[in-house]
Amino acid sequence: MSSAVRVRASPSLALIKYWGKRDERRNLPATPSLGLTLAGVYTETRVEPAEEDRVILDGREQDRERFAGFFDAVRRRLRTRMRFQAESRNSFPTAAGLASSSSGFAALAVGCARAAGCALDARELSVLARIGSASAARAVYGGFTLLAAGARAARQLHSEDYWPKLRVLAAVVSTEAKLLASREAMRTTRSASPFYRAWLADSRHLLARALQALERRDIEELGHAVRLSYSRMHAALLASEPPALYWLAATVSVIRECASLRARGIGAWETIDAGPQVKILCLQEDAPAVRRSLMEMMPDLSMIECRPGPGPQLIEGGKG
Ligand code: DP6
């Protein structure tokens, strides 16, 4: 039986970055990524059977081309001819750099399956979500997740209860939409950055380092690997022709402030995705000091504090 459903999914922040595709048509990642699903921020999506596929995000109809392959894959997997209308909104500013495509496609995959009355397991949902956005493969699980290079699905390493003291502070330094979509920027890095091969080779080592640190709950070592992952990803981007630079002056100020916090013995390790925002990894006891020092530097800065969060949740419907 089919029906309308509502699903909430939280974004997956990459501690170790996915950047680059092994197979563009199938959307398979070229690097392994280590994700952390964030609590307290989410995409909420209402999905219902419809005459044609449509996605409306924060009141705006989205480009159908972007979703065509995803919906076709959903229909193939669910063995249905059903079409879907999805209305989605983010609880956080879409420009907040909180990987809204990860929560968006995770919510959509779960929503379509439930709206069609199919109970897929998390692995199958991860495969579908990945077709939309590879980072979304991770967001169908809570806690700490791994999407291996070339993998069709992510898996959960630890639930959200594994490290309850861990915090992520998302510093929104600009609300302007990003100029370069990550998909396009990944293509440029692959085809026009002399550092791309080094980035791929290195990402395996960084993952191993981060996994070891995660097993020991060693924030300093994890933070170190997290910093290397984003800085090397952005170095490859910056070295491409034409160069791609997502950072603003305020981005650099936050990076520097984190360095100064660490020098003062306060653990704050930043990471940056395909945009100007900075996400800072720290422990619960250090979060107030990190927040205070950033607010002193930039009084208008808006910050969202997140802890490790759960996977997608069905809010309404889907019982058929
Ligand atoms: C920098 O998952 O949005 O956030 O698969 O092309 O849709 P597509 O890319 P997407 O890229 C995310 C890139 C990143 C790093 C990450 O989340 O791993």
Side-chain angles (χ1 to χ4, degrees), residues 11-17 19 33-41 96-99 143-144 157-158 162-174 199 202-203 205-238 245-309:
S12 167
L13 171 69
L15 301 176
I16 299 296
K17 306 295 181 197
W19 192 258
S33 55
L34 173 64
L36 172 59
T37 303
L38 303 175
V41 280
L98 282 170
F144 298 85
L157 297 173
H158 298 290
Y162 176 71
W163 198 346
K165 285 189 158 192
L166 201 63
R167 293 291 179 274
V168 170
L169 285 169
V172 184
V173 302
S174 162
W199 157 250
D202 184 66
S203 65
H205 302 299
L206 280 184
L207 176 75
R209 236 170 126 166
L211 289 178
Q212 265 188 17
L214 182 61
E215 287 315 303
R216 294 198 303 264
R217 295 187 186 83
D218 179 342
I219 181 96
E220 221 161 287
E221 183 55 23
L222 179 64
H224 194 65
V226 163
R227 290 190 64 239
L228 289 175
S229 180
Y230 92 80
S231 55
R232 289 176 180 172
M233 168 190 136
H234 284 271
L237 262 166
L238 196 54
L245 177 62
Y246 281 110
W247 302 359
L248 299 174
T251 311
V252 178
S253 302
V254 177
I255 295 173
R256 288 183 178 279
E257 192 57 27
C258 288
S260 133
L261 280 161
R262 290 193 302 277
R264 283 181 274 145
I266 299 164
W269 293 269
E270 78 285 358
T271 183
I272 303 166
D273 293 299
Q277 323 302 3
V278 188
K279 276 80 72 173
I280 301 159
L281 197 68
C282 63
L283 291 178
Q284 181 183 15
E285 59 258 36
D286 288 328
V290 176
R291 199 185 254 276
R292 213 176 313 118
S293 89
L294 290 175
M295 295 304 281
E296 267 166 28
M297 182 182 69
M298 289 182 206
D300 296 335
L301 192 66
S302 87
M303 263 189 287
I304 305 171
E305 186 172 331
C306 307
R307 53 180 75 198

Colleague: Would you sort out whether L38 and R307 count as a side chain to side chain contact (heavy atoms under 4.5 Å, CB included), showing the intermediate values?
Modeller: CA-CA 6 Å; L38 303 175; R307 53 180 75 198; over 6 Å; no
Colleague: Mind checking salt bridge (charged side-chain N to carboxylate O under 4.0 Å, His left out) for E257 and listing every partner two or more places apart, or none if nothing turns up?
Modeller: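 Here the qualifying residues are R264.
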Colleague: Using side-chain heavy atoms (C-beta onward) and a distance below 4.5 Å, is L13 in contact with T271?
Modeller: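 In short, these two side chains touch, coming nearer than 4.5 Å.
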Colleague: If the plane angle is over 60° it's perpendicular, under 30° parallel, otherwise tilted; pick one for Y246 and W19.
Modeller: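 Geometry flag for W19 against Y246: perpendicular rings.
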Colleague: I need the I272 CD1 to Y230 OH distance, nearest 0.5 Å.
Modeller: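 Answer for the CD1-OH pair, I272 versus Y230, is 4.5 Å.
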Colleague: Between L228 and R209, does the side chain to side chain contact (heavy atoms under 4.5 Å, CB included) criterion hold? Intermediate values first, please.
Modeller: CA-CA 11 Å; L228 289 175; R209 236 170 126 166; 3.8 Å; yes
Colleague: Please give me the minimum heavy-atom distance between K17 and A14, naming the atom from each residue.
Modeller: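 For K17 and A14, the tightest heavy-atom pair comes out as NZ-O, 2.7 Å.
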Colleague: Which heavy atom in T251 sits nearest to a heavy atom in P276, and how many Å separate them?
Modeller: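 Minimum heavy-atom separation between T251 and P276: OG1-O, 2.8 Å.
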Colleague: So, for M233 and D273, which heavy atoms are closest and what is the spacing to 0.1 Å?
Modeller: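 In this case the closest contact between M233 and D273 is CE-C, 4.1 Å.
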Colleague: Are the side chains of E220 and H224 in contact, using a 4.5 Å heavy-atom criterion?
Modeller: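 The answer is no, as the side chains (C-beta and beyond) never meet within the 4.5 Å cut-off.
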Colleague: How about CZ on R256, more than 12 heavy atoms from neighbouring residues, nucleotides or ligands closer than 6.0 Å, or not?
Modeller: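 Check fails, neighbour count at 12 or below.
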Colleague: With the side chain counted from C-beta on, respond yes when L157 and Y162 share a heavy-atom pair under 4.5 Å apart, and no when they do not.
Modeller: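 Answer no - side chains too far apart.
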Colleague: Starting at CE of M297, measure out to OG of S253 and round the result to the nearest 0.5 Å.
Modeller: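 Rounded to the nearest 0.5 Å, the CE-OG separation comes to 5.5 Å.
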Colleague: Could you state the interatomic distance from CG (L206) to CG (L15), rounded to the nearest 0.5 Å?
Modeller: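 Reported value, rounded in 0.5 Å steps: 12.0 Å.
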Colleague: Under the salt bridge (Lys or Arg N to Asp or Glu O under 4.0 Å) rule, what do E305 and R291 come out as? Steps first, then yes or no, please.
Modeller: CA-CA 9 Å; E305 186 172 331; R291 199 185 254 276; 3.4 Å; yes
Colleague: Quick check: do C258 and I280 have side-chain heavy atoms less than 4.5 Å from each other?
Modeller: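 They are in contact (side-chain heavy atoms under 4.5 Å apart), so the answer is yes.
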Colleague: Heavy atoms only: give me the nearest A39-P308 pair and the separation to one decimal.
Modeller: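 So the minimum-distance heavy-atom pair works out to CB-O, 3.7 Å.
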Colleague: Looking only at side-chain N and O atoms, does W247 offer a donor or acceptor that is under 3.5 Å from a partner on H234?
Modeller: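 A pair is found: one side chain offers a donor N or O, the other an acceptor, under 3.5 Å apart.
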Colleague: Measuring only between side-chain heavy atoms, which start at C-beta, is S12 closer than 4.5 Å to F144?
Modeller: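 Of all side-chain heavy-atom pairs linking F144 with S12, none is under 4.5 Å.
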Colleague: With rounding to the nearest 0.5 Å, note down the distance linking CD1 in I255 to OG in S260.
Modeller: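 With rounding to 0.5 Å, CD1 (I255) is 13.5 Å from OG (S260).
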Colleague: Kindly indicate whether the side chain of L34, heavy atoms from C-beta on, has any atom under 4.5 Å from the side chain of L211.
Modeller: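 In contact.
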Colleague: Any side-chain heavy atom of R167 within less than 4.5 Å of one from L283?
Modeller: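 No - every pair of side-chain heavy atoms lies 4.5 Å or more apart.
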Colleague: What do you reckon, is CZ of R262 surrounded by more than 12 foreign heavy atoms closer than 6.0 Å?
Modeller: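 Atom CZ in R262 is crowded, with more than 12 foreign heavy atoms closer than 6.0 Å.
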Colleague: Is S231 reaching over with its side chain to a backbone N or O of R227, donor-acceptor style, under 3.5 angstrom?
Modeller: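 Yes: the side chain of S231 pairs with the backbone of R227.
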Colleague: If every non-hydrogen atom of Q277 is compared with every non-hydrogen atom of V173, which pair is closest and at what distance?
Modeller: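 The pair with the smallest heavy-atom distance is OE1-N, 2.7 Å.
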Colleague: With a 4.5 Å cut-off on side-chain heavy atoms, are H158 and L214 touching?
Modeller: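 With C-beta onward as the side chain, the pair touches.
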Colleague: Determine, step by step, whether V168 and I304 satisfy the side chain to side chain contact (heavy atoms under 4.5 Å, CB included) criterion, reporting the C-alpha distance in whole Å, the side-chain angles of both residues, the deciding distance to 0.1 Å, and the verdict.
Modeller: CA-CA 8 Å; V168 170; I304 305 171; over 6 Å; no
Colleague: Roughly how far apart are K279 NZ and M303 CE, rounded to 0.5 Å?
Modeller: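 These two atoms lie 14.0 Å from each other.
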Colleague: Of all heavy-atom pairs between L281 and G223, which one has the smallest distance, and what is that distance?
Modeller: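 Heavy atoms only, the tightest pair is CD2-CA, 4.4 Å.
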Colleague: Measuring from atom CH2 of W269 to atom CG of L261, what distance do you get when rounded to the nearest 0.5 angstrom?
Modeller: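 If we round to the nearest 0.5 Å, W269:CH2 and L261:CG are 10.0 Å apart.
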